[in-house]
Amino acid sequence: MTLPSLIDLGMRPFFQQQLSLEELESCALGRVVEQHKSEVVLLAGGEVKRYKLPPKLEVICVGDWVVFNGERLIRVLDRQSLFQRKAAGTARERQLIAANIDIVFIVSSLNDDFSLNRIERYLALAREAGVEPVIVLTKADLCADADSIRAQVQKLDPLLSVHCVNGLDSDEVAALKPYCQKGKTLTFLGSSGVGKSTLVNGLLGTSEMATGSIREQDSKGRHTTTYRAIKWLPEGGLLMDTPGMRELQLSDAKEGIKATFADVEALASQCRFADCGHESEPGCAVRAAIETGDLSLRRLENYQKLLREESHNTASLAQRRAKDRAFSKMVNTVQSQARRAKKFK
Ligand SMILES: Nc1nc2c(ncn2[C@@H]2O[C@H](COP(=O)(O)OP(=O)(O)OP(=O)(O)O)[C@@H](O)[C@H]2O)c(=O)[nH]1
Ligand SMILES: [Zn+2]
């Protein structure tokens, strides 16, 4: 494919409206398709641009929309969604993984490996990032009761899109194509071996875009470049595949967990005691729902487990950060003592 237009890349009013009049007149927009330690690569409607990252702009990642003026990067536009590892509280220590993703396919296989708990964990990550999840249950050909498992997943959230597919059958994978239209940015989440690459291959088909390569013009004429992190789907969607997606953790993800377990949260708000532990307290609406079968014990326990894990991760990150600060203070003190000692030699 030749260089995609801004619309192909996912430009929409949410981003456009952030530009000031002055920026509209003098600047241009580009989307980050590759990020290196000190350099980013942008596709900017008809051009490929490479920029050294100014120190102030280091908080940038694949998928970001940026404003540039000639040879200068100006700023990153507000994001519609963001997957990140909050390595610690400060912006500098955050690890951004992928920005402005529209849809995440949460992939789980229907064989022995199937786990509602794991799907809930991925849902919490998707909700925390602000990305619409679509559940894809693979290996339907290896499962005798795919429909009943699918119903269990649907029960997690009646509004959730859930698909059962045999990833090796292109006709079945075609059910996912409506999500992959022009201007949409997609990504995948799921454990190793569940069939993510198989789905990607199925969606890519045999088109030349499959390699993520685009033709660009340079001084020597046309040549083809491949971007590792992105692939164009035949329907026009943009598939982002950054290795960081595999390392996502539940830290600072309370909102995502709450959104995923909105039903449990709603019940808990009806408990007699505001700090109800949902154990044996009188007037516990959560336990009552478990007794009537409206809520499963599994779901309550997973909700509590994910919250514990989240606060443990968040606390240990805060601790590590404090330790790092103490360490660098110590290093600074030693260094300045050494410098002073040298001066007086
Ligand atoms: N029978 C059957 N096999 C499948 C299906 N989807 C994937 N497989 C097989 O499962 C194995 C793992 O699939 P991959 O697509 O490599 O899984 P992955 O999620 O990309 O794995 P990682 O690269 O480790 O993250 C391969 O041997 C696939 O052929 C399916 O729907 N049915
Ligand atoms: Zn309670």
Side-chain angles (χ1 to χ4, degrees), residues 83 97-98 104-115 118-119 121-122 125-126 133-147 149-150 153 162-177 186-206 210 212 228-229 231 233 239-248 258 261-305 307-308:
F83 281 106
I97 292 172
V104 55
F105 289 120
I106 295 177
V107 186
S108 181
S109 59
L110 281 162
N111 53 2
D112 306 339
D113 209 33
F114 176 80
S115 148
R118 196 176 307 125
I119 290 178
R121 165 186 301 265
Y122 286 129
L125 290 170
V134 171
I135 309 286
V136 185
L137 304 173
T138 56
K139 311 200 183 182
D141 53 312
L142 302 180
C143 175
D145 54 353
D147 284 342
I149 297 185
R150 183 208 150 103
V153 176
V162 187
H163 296 270
C164 282
V165 297
N166 168 1
L168 303 172
D169 180 332
S170 56
D171 289 342
E172 292 192 22
V173 176
L176 304 180
K177 290 191 172 178
L186 304 109
T187 195
F188 283 82
L189 262 177
S191 315
S192 181
V194 293
K196 297 180 297 298
S197 315
T198 306
L199 285 174
V200 170
N201 291 337
L203 286 170
L204 288 169
T206 50
R228 238 175 315 143
K231 290 183 169 66
L233 298 167
L239 183 65
M240 280 203 178
D241 179 20
T242 66
M245 290 297 286
R246 286 164 192 266
E247 290 143 32
L248 279 173
K258 287 185 172 188
F261 295 89
D263 54 340
V264 185
E265 292 272 317
L267 286 168
S269 72
Q270 291 163 28
C271 293
R272 186 176 307 158
F273 302 113
D275 62 346
C276 183
H278 322 306
E279 297 289 338
S280 54
E281 288 91 336
C284 174
V286 173
R287 283 283 150 185
I290 289 173
E291 244 133 69
T292 58
D294 288 339
L295 176 69
S296 69
L297 183 59
R298 179 208 63 77
R299 185 161 165 83
L300 171 64
E301 286 178 346
N302 195 37
Y303 164 72
Q304 291 172 323
K305 176 170 172 268
L307 278 181
R308 276 196 305 274

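When reading the values below, keep in mind they use all heavy atoms of this one structure, side chains included, and skip hydrogens, waters and symmetry mates. Note that ligands are numbered from 1 as they come in the structure, with each ligand's atoms numbered from 1 the same way.
- Of the listed options Gly193, Ser191, Cys143, Gly193 places a heavy atom closest to atom 22 (P) of ligand 1.
- Every atom of ligand 1 is numbered from 1 in the order shown, and the set under 4.0 Å from a heavy atom of Gly167 is 30 (C), 31 (O).
- Distances below 4.0 Å separate heavy atoms of Asn166 from the following atoms of ligand 1: 30 (C), 31 (O), 32 (N).
- Of the protein's non-hydrogen atoms, Gly195 N, 3.0 Å is the one closest to atom 17 (O) of ligand 1.
- Considering only non-hydrogen protein atoms, atom 10 (O) of ligand 1 sits nearest to Lys139 NZ, 3.1 Å.
- Given atom 7 (C) of ligand 1, the protein heavy atom at minimum distance is Thr198 OG1, 3.4 Å.
- Against a heavy-atom cut-off of under 4.0 Å, Val194 is close to the following atoms of ligand 1: 17 (O), 19 (O).
- Scanning the protein for heavy atoms near atom 23 (O) of ligand 1, the closest one is Ser197 OG, 3.7 Å.
- Within the 4.0 Å heavy-atom criterion, the part of Asp141 lying near ligand 1 is the side chain and not the backbone.
- Nearest heavy-atom pair across Arg150 and Val162 is NH1-O, 3.1 Å.
- Nearest protein heavy-atom contact of atom 24 (O) of ligand 1 is Ser192 OG, 2.5 Å.
- Protein contacts to the Zn ion (ligand 2) involving N, O or S atoms at a distance below 2.8 Å are Cys271 SG, Cys276 SG, His278 ND1, Cys284 SG.
- With hydrogens left out, the protein atom closest to atom 25 (O) of ligand 1 is Lys196 NZ, 2.8 Å, a heavy atom.
- Contacts with ligand 1 closer than 4.0 Å are made by side-chain heavy atoms of Leu142 only, the backbone lying farther away.
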